[in-house]
Amino acid sequence: MKLISCYVSSFGKLCDFSYEFTDGLNTIKQDNGWGKSTLATFIKAMFYGTGRNAKSIADSTRLKYTPWDNSQMAGRIYFEHQNKRYCLEREFRKSDSTDRITLTDLDSGKAIDTHDSVGQQF
């Protein structure tokens with residue numbers, strides 16, 4: 001799988017943030033507190049969900065990365081797999097099972113049936 005770009009509507013401290021990946025290794029070198037870990041967690045959550053529900057912030061990715069302004073956590077990732085291009089969109093709701101997930105084959109324009117762990121499909 002090759003990541004092409006991502007857009008974070010809102011996730012943790014990241015809001016209205018876009019990133020274009022380049023071929024090869026991508027390195028993000030920024031000051032502490034910039035959002036590097038938040039971006040990495042966003043990418044993982046987009047493909048695999050946030051995992052089990054927990055009551056404490058320390059144990060819950062979903063609680064820990066609730067946007068600072070309390071807006072809806074959401075975003076999209078464009079990626080390529082086996083020479084096909086896809087767009088994965090996710091709106092994080094109360095749990096992985098209630099998230100709104102849309103996976104589109106960009107070459108055909110057709111939506112693909114998916115479940116909360118899109119990463120396992122690829």
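Just so you know, these numbers use all the heavy atoms, side chains as well, and skip hydrogens, waters and symmetry mates. A quick note: this is a predicted structure, and the numbers were derived from the prediction, not measured.
Lys36 places a side-chain N or O within donor-acceptor distance of the main-chain N or O of Gln30, the cut-off being under 3.5 Å. In this structure, Thr66 contributes its side chain and Arg62 its backbone to a donor-acceptor pair below 3.5 Å. Asn26 places a side-chain N or O within 3.5 Å of a backbone atom of Gly24 that can act as its donor or acceptor partner. Proximity of a side-chain donor or acceptor of Ser108 to a complementary backbone N or O of Lys110 within less than 3.5 Å is detected.
A salt bridge (charged side-chain N to carboxylate O under 4.0 Å, His left out) check over residues 72-89, counting only residues at least two apart or in different chains, returns the pairs Lys84-Asp105, Arg85-Asp107. Annotation: ring-ring contact (aromatic ring centres under 6.0 Å, His included) contacts involving residues 92-111, sequence neighbours excluded, comprise Phe11-Phe92.
Looking only at atom types and distance, the side chain of Ser71 has a donor-acceptor partner in the side chain of Ser10 under 3.5 Å away. Arg100 and Thr102 share a side-chain donor-acceptor pair at under 3.5 Å. Defined by atom type and a distance below 3.5 Å, a donor-acceptor pair is missing between the side-chain atoms of Ser9 and Asp16. Inspection of the Thr114 and Gln121 side chains reveals an N or O donor paired with an N or O acceptor under 3.5 Å.
Both Val118 and Tyr48 belong to a single network of hydrophobic side chains, linked directly or stepwise wherever heavy atoms of I, L, V, M, F, W or Y lie under 4.5 Å apart. Linking Ile, Leu, Val, Met, Phe, Trp and Tyr residues whenever their side-chain heavy atoms come within less than 4.5 Å leaves Tyr7 and Met73 in two separate clusters. Hydrophobic cluster membership differs between Tyr65 and Leu63, with clusters built from Ile, Leu, Val, Met, Phe, Trp and Tyr side chains linked at under 4.5 angstrom. If you chain together hydrophobic residues whose side chains sit under 4.5 Å apart, Tyr19 and Leu88 fall into the same group. Placement of Leu3 and Met46 within a single hydrophobic cluster is found when ILVMFWY residues are connected by side-chain heavy-atom separations under 4.5 Å, directly or transitively.
Residue Thr22 holds its OG1 atom at 9.0 Å from NZ of Lys2, rounded to the nearest 0.5 Å. To the nearest 0.5 angstrom, Ile77 atom CD1 is 11.0 Å from Leu103 atom CG.
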Exercise. Stepwise, does the side chain to side chain contact (heavy atoms under 4.5 Å, CB included) test hold for Tyr86 with Leu106?
Worked result: CA-CA 5 Å; Tyr86 300 91; Leu106 294 175; 5.5 Å; no
For this session: Begin with the C-alpha distance, continue with both residues' side-chain angles, and end with the deciding distance and a verdict on salt bridge (Lys or Arg N to Asp or Glu O under 4.0 Å) for Asp99 and Arg90.
Result: CA-CA 7 Å; Asp99 287 354; Arg90 189 175 198 127; 2.9 Å; yes
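Counting heavy atoms from C-beta outward, Gln82 and Phe122 have side chains that stay 4.5 Å or more apart.
For Lys44, the NZ atom counts as loosely surrounded, since its 6.0 Å shell holds 12 or fewer non-hydrogen atoms of other residues, nucleotides or ligands.
Of all heavy-atom pairs between Asp96 and Thr50, the closest is OD1-N, 2.8 Å.
Ring pair Phe21/Phe79: centre-to-centre distance not below 6.0 Å.
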